[in-house]
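Note that the structure is a prediction, hence the values are computed from the model and not measured.
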Amino acid sequence: MSTITIHLKNKEEETLMENLLKKMKISFEKNEDDFELTDEMKRVIDERKAKNHKEFTPARDFLKKMKKNHGI
């Protein structure tokens with residue numbers, strides 16, 4: 001069996017390629033381990049890293065507040 005690796009630019013290309021391979025009845029595997037962050041994701045991470053960590057609320061406290069305020 002041969003292996004071909006295709007690097008797709010975005011989700012649209014991925015969907016197009018999957019549909020094409022399915023129509024041609026060609027079996028394929030998706031390697032989800034090769035995940036890359038988008039520029040937007042990187043920007044958000046960088047913004048969060050730059051903030052003062054004293055501003056953050058621990059997860060348990062946040063969930064308690066959500067439950068109290070919103071009944072979640």
Side-chain angles (χ1 to χ4, degrees):
M1 177 185 274
S2 297
T3 301
I4 297 174
T5 302
I6 301 172
H7 298 279
L8 304 167
K9 295 179 196 168
N10 54 40
K11 188 67 176 168
E12 291 173 354
E13 285 186 5
E14 180 181 339
T15 302
L16 176 69
M17 186 56 65
E18 284 181 24
N19 291 336
L20 177 64
L21 293 172
K22 286 177 185 175
K23 292 228 184 243
M24 296 174 68
K25 297 185 178 171
I26 298 173
S27 62
F28 62 94
E29 278 182 29
K30 288 173 55 174
N31 182 355
E32 302 291 341
D33 295 337
D34 199 21
F35 178 79
E36 289 187 29
L37 296 175
T38 65
D39 289 338
E40 175 71 9
M41 291 173 173
K42 291 175 186 176
R43 184 188 62 74
V44 169
I45 290 170
D46 289 340
E47 284 177 5
R48 302 292 169 129
K49 284 182 0 185
K51 285 191 171 193
N52 181 354
H53 291 285
K54 292 178 183 177
E55 295 176 15
F56 291 99
T57 304
R60 287 183 191 263
D61 296 343
F62 177 76
L63 292 173
K64 285 178 187 176
K65 184 177 179 181
M66 292 293 292
K67 185 176 180 180
K68 179 182 173 187
N69 293 343
H70 302 287
I72 297 174

Closest heavy-atom pair and its distance - L37, M41: CD2-SD, 3.7 Å
Value rounded to 0.5 Å, distance of CD1 in I26 from CG in L20: 7.0 Å
L21 CG to I4 CD1 distance, which is reported to the nearest 0.5 Å: 9.0 Å
Reported CG-to-CD distance for the pair N19 and E14, which is rounded to 0.5 angstrom: 10.5 Å
Heavy-atom side-chain proximity of E40 to R43 below 4.5 angstrom: yes
Co-membership, hydrophobic cluster, residues M24 and L16, 4.5 Å side-chain: no
Side chain to side chain, M17 and E13, heavy atoms closer than 4.5 Å: no
Over 12 non-hydrogen atoms of neighbours within 6.0 angstrom of CZ in F28: yes
Distance (rounded to the nearest 0.5 Å) between K30 NZ and L8 CG: 9.5 Å
K51 and E47 ion-paired at < 4.0 Å: no
